[in-house]
Amino acid sequence: MPKAIITRTVWVLSLVSLCTDMASEMLYPLMPLFLKSIGFSFILIGILEGLAEATAGLSKGYFGNLSDIKGKRVPFVRLGYTLSAFSKPMMAVFTFPLWIFMARTLDRLGKGIRTGARDAILSNEATPETKGGVFGFHRAWDTVGAVLGPCLGLVYLHFYPGEYRLLFILAVLPGALAVLLTLALSESEEKKRQTAPGSFISFLNYWKEATPEYRKLVIGLLLFTLINSSDVFLLLKVKGAGLSDTAVIGVYIFYNFVYALFAYPAGLLADKLGLKKTLVFGIFLFAAVYGGMSVESNFWWYGLLFLIYGIYAACTESIAKAWITNSCQERDVGTAVGTFAALQSFCALIASSSAGLIWYYWGAGYLFSGAAILALSLCIYFARIKR
């Protein structure tokens, strides 16, 4: 089995993602605190995040399809990272709700513009036999940013408690570095998707022409998304065990560290053993973690579960993208990835909303044990998909 060759382009995109994620994760844990400090109610915060995710979801599909039609990738990548980088300090300049909504939506729009095109470039830099390693390598560096970001945020708050606005301005520095790094990308000749640009949801038409393998895979991944609620619920469970706020953030950083450490080895393993086997193993680990979360225990037990959870993440997200790009034609990669990402965003919104209701009415035990059982059934579903 050929070993993944990490090209210059893969390195550049990996470092770009590292810097961007560092900027985002510096702010993510503090976003609710900042919004509350400028007068946002819980209802407004919920509407803001819902609108932002809906924007990101739809734009992933539309711009992924558009990059296929144009046969261009790099302009979408540069524009997407630029919007995300410079939307963050906008939130610190004015505190009017409409301005905050615009800045937050601009950030998520940037993510939507770049996602399909970026993943298409990564796919083009690999062979079908080495995509696990290439996508895993990119995910590893992306997640390193998710480790460094919260650490920098904690250090900043230690010296400047409550000074949220300055942190939002400082977050532009790694974001700007990411934009500069995109200038090192060069466009390669690719086949164009022979369709005309349509409406904002015209990417959904791809479902009819997609391969049976793609449709079966995406259906399974969307069903998994519906039971995979926000990681906030895992952190709330740990918080309920008596951990301090600092310890909870520490657990989150530990999870991302494990994720970053195992992402590339998991990708190489997938290239050797098969994408399907690795994905099934990852979902099995998810079931084990959620089953473990359904019981009350101590700090060390939850620490072990987050260790396994990091390995699960390494065996699923980048592996799923690699499998998606292998189940479609080269000219359709942006559309295929964007369509899945768009549908996944809405399923994630439903998953977290449903999880909150289940926790409220029946308790955390039912939420986690139910998700574990359904995940095990999905292991059987994915195992039966023919490659």
Side-chain angles (χ1 to χ4, degrees), residues 1-6 10 13 60-61 64-65 68 115-140 142-143 203 206-207 209-228 259 262-287 311-345 347-348 375 377-387:
M1 184 68 64
K3 185 178 180 180
I5 298 174
I6 307 304
V10 174
L13 285 174
K60 285 175 186 176
N65 183 37
D68 283 342
T115 296
R118 181 202 63 206
D119 289 344
I121 293 176
L122 290 171
S123 176
N124 195 46
E125 291 295 310
T127 65
E129 295 80 20
T130 62
K131 285 186 180 178
V134 168
F135 277 95
F137 182 85
H138 173 266
R139 174 51 57 182
D142 182 281
T143 312
F203 63 89
Y206 174 69
W207 189 262
E209 57 188 271
T211 64
E213 181 185 356
Y214 173 85
R215 289 197 292 265
K216 291 176 182 178
L217 173 59
V218 167
I219 287 173
L221 292 172
L222 294 179
L223 289 174
F224 178 62
T225 302
L226 288 173
I227 64 174
N228 184 12
Y259 186 1
F262 281 90
Y264 185 43
L268 295 177
L269 183 68
D271 287 335
K272 184 175 182 179
L273 300 181
L275 298 171
K276 180 167 71 172
K277 290 180 181 178
T278 308
L279 182 68
V280 169
F281 175 67
I283 295 176
F284 177 81
L285 292 181
F286 172 91
I311 300 173
Y312 135 75
C315 292
T316 51
E317 184 167 345
S318 57
I319 305 305
K321 282 188 176 182
W323 191 352
I324 286 173
T325 60
N326 272 354
S327 66
C328 65
Q329 296 188 53
E330 182 182 336
R331 68 172 186 269
D332 298 332
V333 170
T335 305
V337 172
T339 299
F340 164 66
L343 296 174
Q344 185 187 41
S345 295
C347 287
S377 65
L378 282 174
C379 286
I380 300 173
Y381 173 86
F382 282 112
R384 293 177 63 86
I385 295 178
K386 292 182 179 180
R387 291 293 326 276

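The closest side-chain heavy-atom distance from Thr325 to Leu122 is not below 4.5 Å. Taking 4.5 Å as the limit, every side-chain heavy atom of Gln344 sits out of range of all side-chain heavy atoms of Lys60. Residues Phe135 and Glu317 form no side-chain contact, since every pair of their non-hydrogen atoms from C-beta on lies 4.5 Å or further apart. At a threshold of 4.5 Å between non-hydrogen side-chain atoms, the residues Leu279 and Lys276 do not count as touching.
Heavy atoms only, all atoms of each residue included: Ile319 and Ala270 are closest at CD1-CB, 3.6 Å. Across all their heavy atoms, Ala342 and Gly61 have their closest contact at CB-N, 4.0 Å. Minimum interatomic distance between Ala287 and Ala375 (heavy atoms only, all atoms of both residues): CB-CB, 3.9 Å. Residue Cys379 comes nearest to Val280 through the heavy atom pair SG-O, 3.6 Å, listed as atom of the first residue, atom of the second, then distance. Annotation for Gly334 and Ala120: closest pair N-CB, 4.2 Å, computed over non-hydrogen atoms. Closest non-hydrogen pair, Thr278 versus Ala266, comes out as CG2-O, 4.1 Å.
Once rounded to the nearest 0.5 Å, the distance linking OG1 of Thr335 with CD of Gln329 reads 11.5 Å. Remark: Asp68 CG to Cys328 SG distance equals 8.0 Å, nearest 0.5 Å. Remark: Glu129 CD to Leu275 CG distance equals 10.0 Å, nearest 0.5 Å. Expressed to the nearest 0.5 Å, how far CD1 of Ile380 lies from CD1 of Ile283 amounts to 11.5 Å. To the nearest 0.5 Å, atom CG of residue Asn326 and atom NZ of residue Lys321 are 14.5 Å apart. A distance of 11.0 Å separates CZ in Phe137 from CG in Leu13, rounded to the nearest 0.5 Å.
Residues Phe286 and Phe224 place their aromatic rings such that the two centres sit under 6.0 Å apart.
A donor-acceptor pair is defined here as one N or O able to donate and one able to accept, closer than 3.5 Å; no such pair exists between the side chain of Ser123 and the backbone of Asp119.
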Distance-only donor-acceptor pairs under 3.5 Å for side chains of residues 210-223, two or more places apart:
residue : atom : partner : partner atom : Å
Thr211  : OG1  : Tyr214  : N            : 3.1
Thr211  : OG1  : Ser327  : O            : 2.6
Glu213  : OE2  : Trp323  : NE1          : 2.7
Glu213  : OE2  : Arg387  : NE           : 2.9
Tyr214  : OH   : Ala336  : O            : 2.7
Arg215  : NH1  : Trp207  : O            : 3.2
Arg215  : NH1  : Ala210  : O            : 2.7

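For Phe281, the CZ atom sits in a loose shell: 12 or fewer heavy atoms of surrounding residues, nucleotides or ligands are nearer than 6.0 Å. Residue-environment remark: OH (Tyr381) exceeds the threshold of 12 foreign heavy atoms within 6.0 Å.
With sequence neighbours left out, the side-chain hydrogen bond (donor to acceptor under 3.5 Å, both in side chains) criterion links Tyr312 to Asn228.
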task = Quick one: do Arg118 and Ile121 satisfy side chain to side chain contact (heavy atoms under 4.5 Å, CB included)? Show the steps, please.
result = CA-CA 5 Å; Arg118 181 202 63 206; Ile121 293 176; 5.7 Å; no

